[in-house]
**Student:** 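Submitted below is the structure of interest, expressed as structure tokens.
If you're wondering where the values come from, they're calculated on a predicted model, not measured in any experiment. Excluded from the calculations below are hydrogen atoms, water molecules and symmetry mates; all remaining heavy atoms, backbone and side chain alike, are included.
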Amino acid sequence: MLDKKYDFKTAEKKWQEYWQQNGTYKFDKDSKKPIYSIDTPPPTVNGKIHIGHIFSYSQAEFIARYKRMMGYNVFYPFGFDDNGLPTELLVEKERGLKAYTVSREEFSKMCMETVDKYEKSFKDLFISVGNSADWSLAYHTVSPDCQKSSQMSFLDLYKKGKVYYAEAPALWCTKCATAIAQSELESEEKESTFNYLKFYIEGSDDYVEIATTRPELLCACDCIFINPKDEKNAHLLGKKVRVPLYNFYVPVMSDDKVDLDKGTGVVMCCTFGDQTDTQWFKKYNLELKVAIDDLGRMTAIAGKYEGMKTKEARAAIIEDLKAEDLLIKQDPISHQVSVHERCGTEMEIKLKKQWFIKTLENKEEWIKKGNEVEWHPSFMKARYMDWVENLMMDWCISRQKYFGVPFPVWYCKDCGEIIVAGEDELPVNPLTTNPKHACPKCGSKNYIPESDIMDTWATSSITPQINTKWNVDDEFYKKMMPMTLRPNAHDIIRTWDFYTIVKSFYHSNCLPWKNVMISGFIMASQGQKISKSKSNSKSDPIDLINTHSADVVRYWTATGSLGRDIIFNEDKFKIGARLTNKIFNASKFVWLFLENYKPKKNTKLKPMDKWILSKFNEMRERFISYFEKYEVGLAMQELENYFWNFCDNYIELVKVRLYNPDIYGEDAKESGQYACYHVLLEMLKMFGIYLPHITEEVYQNTFKDTVGAPSIHNIELTALPVEIDKDLIKKGDEVCDIVSQIRGYKTDNKLSQKTKLTKATITSNNTEFFKSVEDDVKAVSSAQDIEYLEGNTAVEIAGFIVEEKESK
RNA sequence: GGGAGCAUAGCUCAGUUGGUUAGAGCACUUGCCUUACAAGCAAGGGGUCAUAGGUUCGAGUCCUAUUGCUCCCACCA
């Protein structure tokens, strides 16, 4: 028996504990069922989980529940990405310190404490929203096991020649003081100024005009470029020009990368102002002039501006240029600037020794792999392709940071040889451990440990390998790879999805997974995304769960279609609350008639009972076909529509039979019970995907005794044993239509729905069918007499019987 | 500059391969305490499907162009 009211506050906790204790969602390693595996995104530990995470994770979670219900052995691990820069930034912010002000050991300890705290709260939150991950499979990327896998990955790439150590221009964040990768850039619209400067031609009073937004780089100027087709300036070729303020001379050269229409059509090349400079630096073997240090301050070559931050230096230099009459004019411009996604600092380029993974040399392969993966929705593939095609640099994986996976690498102090650890030594921290062998090249035993750590993506890009026990359990790895599904939001296609494809190809020449499911973002308002770092999350998940229930929050996450951003809208919670309430009430009511009922296989079904069963199977097919396309929201809509029809039309119609077997017969009751029993049970299973708590509450108090399974979430969905009879469905729908018209008559006449009617004349082309369901129509409409006419659907009411109200 | 998505009722969205009078929910109006549910039920009003062409017996759906919104990428002299 169900309680009178459903109290989500006690029920949700109760069932969450029940599922954990019973291992309801455990992956069964020995099962013969087909496996469905999910490479769950390990959330980055860099702040609180916001509603966007709940949205995105729920959509994938629906798939896990759906697949379990469809008879799959679902492998659904969870992880945390807790190493690297994001964690460091969080710790620095929380403790109000900079990593380099304390010892490396001390800082790592702080990071571990913070990570433990957050991971516990992340886990609690995901459990409290009813997430059905198998927590026994959980991993975290800074753990020794993951570090070992990550270093193993590095060694494998090293052996295969896919990772290299080189001095090459790398993107640099002066705030975080580390190299970063192309994928970590974001563009931001910024106001700036085009400064038109005079570069005097050597041996002449004439000058050439050059426009620059970065006059602070004048000291790093190597040469100036014109376009080979530039006739106006062609005479400058071979000559030298004087760099303003610094008064050294640089040559004029030509290159077709110069855009005639930009600025003055003449460019100064500095090491380094932008990507083009790096290409020219290589192509023309230019001199390296470093104007900016690791923390964004001007170096000695800047002369009197040394020590200033770049922005200060720029202002000072402009003043001096004006004073010396070297500034012709200034034009304000607004342009897209690359900034570091984690801190918003404008990117610089620095030449330093870094480790790089080769990504440029296999573009065709990345494209091929991208085509082999199925993208849901399909148009998201374009983002991946777009990214691959526009790759400019190999993937820089070294970070000049402290808390992360160390490189298993030392350098020989005497000859510079790279010494890598053996696989049996992993995980290894070169800062605290020496290599087992002397330098293979010169025999020296003096080493310099690599103090950099790896990019956090270098580890999270092997989550399929971590999940499937690569190099730990070969048999399992072979059985599980490729995994079935990678779900994530569209912002990390270019990082997580791309890098994972790269790694799987290099390691095992295979796909990491067969499907990618891309979810959209929750927008705070038009164009404003909710994110952890920007903390405009007015919609805290914990508060939402406490006020609306986990089921209702989950319901909300199922609205909208796959891959699309949606604006946070509280109205949807109201609808979800209405639905859960209705499911509870409908179940409670229907169960009144099912308490001691055992379904019989050969029950003779009345037409309208067959109708609702047949309609169920029809809905079930659409539901499945949406799910197969990963359209979890549209699937739910199908179910929801069916459910409301079940309540508003079918229950209303059948309840009179169920109440009064003395009038309508035991057979009529049993037929109704049969339909109610099966339809309700199947609907509960399906709703269980979205609303796991309330459906469990209903199941445990009703069907469990007859069905036997320990949880509603352990039962497979079945088709009901009736044909999908389109003709019957149409006729049954017509009955509903007529009933609705009769209700309309009562409404128009301001009558209560229970008002008795003297006679209803039903016109239909299916009068035979109407006659077969006459008892039901009479019962639901309170019509005392029914007459039939052939023709297009219509109904006419002769009149009604006014009953005197009983006074209470 | 390259690419993607979207445009349907006041709002949020469905609308499968082209096929009768374009659907739902919310909001709104009106009525109803009906032997589950008033946190409920019933009924109702409301749309030239962004615009302009085209293909077709037939277009919300396919094609072309235009407009607007959003996003991704590139450009950062």
**Student:** Indicate, with a heavy-atom threshold strictly under 4.0 Å, whether S192(A) touches base, sugar-phosphate, or nothing.
**Tutor:**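 Nothing: the residue S192(A), judged by heavy atoms under 4.0 Å, touches no strand.
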
**Student:** Could you give the distance separating rA22(B) and rG54(B) at their C1' atoms, to the nearest angstrom?
**Tutor:**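 One C1' to the other, the span is 23 Å.
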
**Student:** If you look at every strand shown and take non-hydrogen atoms under 4.0 Å, does K5(A) touch a base, only sugar-phosphate, or nothing?
**Tutor:**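 Nothing: the residue K5(A), judged by heavy atoms under 4.0 Å, touches no strand.
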
**Student:** Inspect the contact between K289(A) and D222(A) and indicate whether a charged nitrogen and a carboxylate oxygen are less than 4.0 angstrom apart.
**Tutor:**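 K289(A) and D222(A): salt-bridged.
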
**Student:** Heavy atoms under 4.0 Å, any strand shown: does E188(A) hit a base, just sugar-phosphate, or nothing?
**Tutor:**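 Result for E188(A) = nothing.
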
**Student:** Is there a side-chain polar atom (N or O) of R564(A) under 4.0 Å from OP1 or OP2 of rC6(B)?
**Tutor:**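 Negative; the distance criterion is not met.
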
**Student:** List the steps, then state whether ring pair (Phe, Tyr, Trp, His ring centres under 6.0 Å) holds for F687(A) with F643(A).
**Tutor:** CA-CA 10 Å; F687(A) 272 127; F643(A) 170 69; 5.4 Å; yes

**Student:** Name the closest nucleotide to the R578(A) side chain, picking from rC73(B), rA42(B), rG40(B).
**Tutor:**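 Selected nucleotide: rG40(B).
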
**Student:** Select base, sugar-phosphate, or nothing to describe what E652(A) touches, counting heavy atoms under 4.0 Å on all strands.
**Tutor:**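 Result for E652(A) = base.
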
**Student:** From NE2 of H490(A) over to C1' of rA4(B), roughly how many Å is that when rounded to an integer?
**Tutor:**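 Distance, rounded to whole Å: 11 Å.
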
**Student:** Determine the Euclidean distance between corresponding C1' atoms of rU48(B) and rU16(B); express it in Å to zero decimal places.
**Tutor:**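 After rounding to an integer number of Å, I get 26 Å for this pair.
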
**Student:** Do D748(A) side-chain and rG44(B) base share a donor-acceptor contact under 3.5 Å?
**Tutor:**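 Side chain to base: no pair below 3.5 Å.
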
**Student:** Look at all strands and tell whether A586(A) reaches a base, only sugar-phosphate, or nothing, counting heavy atoms closer than 4.0 Å.
**Tutor:**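 Contact class for A586(A): base.
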
**Student:** Mind checking the C1' distance from rU29(B) to rC37(B)? Whole angstroms is fine.
**Tutor:**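 The answer is 24 Å between these two C1' atoms.
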
**Student:** Mind checking D259(A) for me? I need base, sugar-phosphate or nothing, with any heavy atom below 4.0 Å counting as a touch.
**Tutor:**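 Base: the residue D259(A), judged by heavy atoms under 4.0 Å, touches a nucleobase.
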
**Student:** Closest approach to the side chain of R494(A), judged atom by atom: which nucleotide of rA43(B), rC41(B), rC73(B) is it?
**Tutor:**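 Nearest nucleotide to the side chain: rC73(B).
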
**Student:** Can you tell me if F584(A) is stacked onto the base of rC37(B), using a 5.5 Å centroid cut-off and an angle below 30°?
**Tutor:**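 Not stacked: fails the 5.5 Å / 30° test.
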
**Student:** Given rA36(B), rA43(B), rC76(B), which nucleotide is nearest the side-chain atoms of C647(A)?
**Tutor:**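 Between rA36(B), rA43(B), rC76(B), the one nearest the side chain of C647(A) would be rA36(B).
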
**Student:** Nearest to the side chain of I575(A), which nucleotide is it out of rG25(B), rC71(B), rA14(B)?
**Tutor:**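 That would be rG25(B).
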
**Student:** Measure from the side-chain heavy atoms of S752(A) and tell me the nearest of rU34(B), rU16(B), rG25(B).
**Tutor:**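 Closest nucleotide to the S752(A) side chain: rU34(B).
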
**Student:** Who does rU61(B) pair with, Watson-Crick or G-U, both distances under 3.5 Å?
**Tutor:**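 The answer is none; no pair meets the criterion.
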
**Student:** Would you say a side-chain N or O of T755(A) is under 4.0 Å from OP1 or OP2 of rU34(B)?
**Tutor:**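 Looking at the OP1 and OP2 atoms of rU34(B), neither is under 4.0 Å from any side-chain N or O of T755(A).
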
**Student:** Considering only side-chain heavy atoms of F379(A), which listed nucleotide, rA42(B), rC73(B), rG5(B), is closest?
**Tutor:**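 Shortest atom-to-atom distance from the side chain points to rG5(B).
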
**Student:** Can you tell me the base-pairing partner of rG18(B)? Count Watson-Crick or G-U wobble geometry only, both distances below 3.5 Å, and say none if there is no partner.
**Tutor:**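 Pair assignment: rG18(B) / none.
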
**Student:** Taking atom types as modelled, is there a side-chain donor on T557(A) or Q59(A) under 3.5 Å from an acceptor on the other?
**Tutor:**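 The criterion, which ignores hydrogens and geometry beyond distance, is not satisfied for Q59(A) and T557(A).
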
**Student:** Measure from CG on D497(A) to C1' on rC72(B) and round the result to the nearest Å.
**Tutor:**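 Those two atoms, CG and C1', are 14 Å apart.
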
**Student:** Nearest to the side chain of Y659(A) - rA14(B), rU35(B), rC41(B)?
**Tutor:**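 Selected nucleotide (nearest to the side chain): rU35(B).
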
**Student:** Within less than 4.0 Å of OP1 or OP2 of rG25(B), is there a side-chain N or O belonging to K574(A)?
**Tutor:**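 No, because none of the side-chain N or O atoms of K574(A) sits under 4.0 Å from OP1 or OP2 of rG25(B).
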
**Student:** What is the nucleic acid contact for N390(A), judged by heavy atoms within less than 4.0 Å: base, sugar-phosphate only, or nothing?
**Tutor:**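 Touches sugar-phosphate only.
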
**Student:** Decide whether a cation-pi geometry holds between R383(A) and W375(A); the criteria are a distance under 6.0 Å from NZ or CZ to the six-membered ring centre and an angle within 45° of the ring axis.
**Tutor:**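 Negative - R383(A) is either too far from the ring of W375(A) or too far off its axis.
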
**Student:** For rA52(B) versus rU61(B), give the span between their P atoms, rounded off to a whole number of Å.
**Tutor:**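 Straight-line distance between the two P atoms is 13 Å.
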
**Student:** Please determine if a side-chain N or O atom of S740(A) lies less than 4.0 Å away from the OP1 or OP2 oxygen of rA43(B).
**Tutor:**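 Yes, S740(A) has a side-chain N/O under 4.0 Å of OP1/OP2 on rA43(B).
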
**Student:** Distance only, no hydrogens: is a donor on one side chain within 3.5 Å (strictly under) of an acceptor on the other, for E640(A) and Y555(A)?
**Tutor:**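 Yes, a side-chain donor-acceptor pair sits under 3.5 Å.
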
**Student:** Inspect the contact between R214(A) and D274(A) and indicate whether a charged nitrogen and a carboxylate oxygen are less than 4.0 angstrom apart.
**Tutor:**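 Salt bridge absent between D274(A) and R214(A).
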
**Student:** Between rA74(B), rG3(B), rC26(B), which nucleotide has the shortest distance from any of its atoms to the side chain of A382(A)?
**Tutor:**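 When the side chain of A382(A) is considered, rG3(B) is the closest of rA74(B), rG3(B), rC26(B).
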
**Student:** Side chain of Q637(A): nearest nucleotide among rA36(B), rC41(B), rC13(B)?
**Tutor:**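 Ranking rA36(B), rC41(B), rC13(B) by closest atom to the Q637(A) side chain puts rC13(B) first.
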
**Student:** Could you tell me which non-hydrogen atom of P244(A) sits nearest to which non-hydrogen atom of L197(A), and how far apart they are?
**Tutor:**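 In this case the closest contact between P244(A) and L197(A) is CG-CB, 4.3 Å.
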
**Student:** Does a nitrogen or oxygen in the side chain of Q753(A) sit under 4.0 Å from OP1 or OP2 of rU35(B)?
**Tutor:**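 No.
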
**Student:** If you measure from the C1' atom in rA24(B) to the same atom in rU34(B), how many Å do you get, rounded?
**Tutor:**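 One C1' to the other, the span is 25 Å.
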
**Student:** Classify M347(A) by what it touches in the nucleic acid, base, sugar-phosphate, or nothing, heavy-atom distance under 4.0 Å.
**Tutor:**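 Contact class for M347(A): base.
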
**Student:** So, does K754(A) get its side chain near the phosphate of rC32(B), meaning an N or O under 4.0 Å from OP1 or OP2?
**Tutor:**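 For rC32(B), neither OP1 nor OP2 has a side-chain N or O of K754(A) closer than 4.0 Å.
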
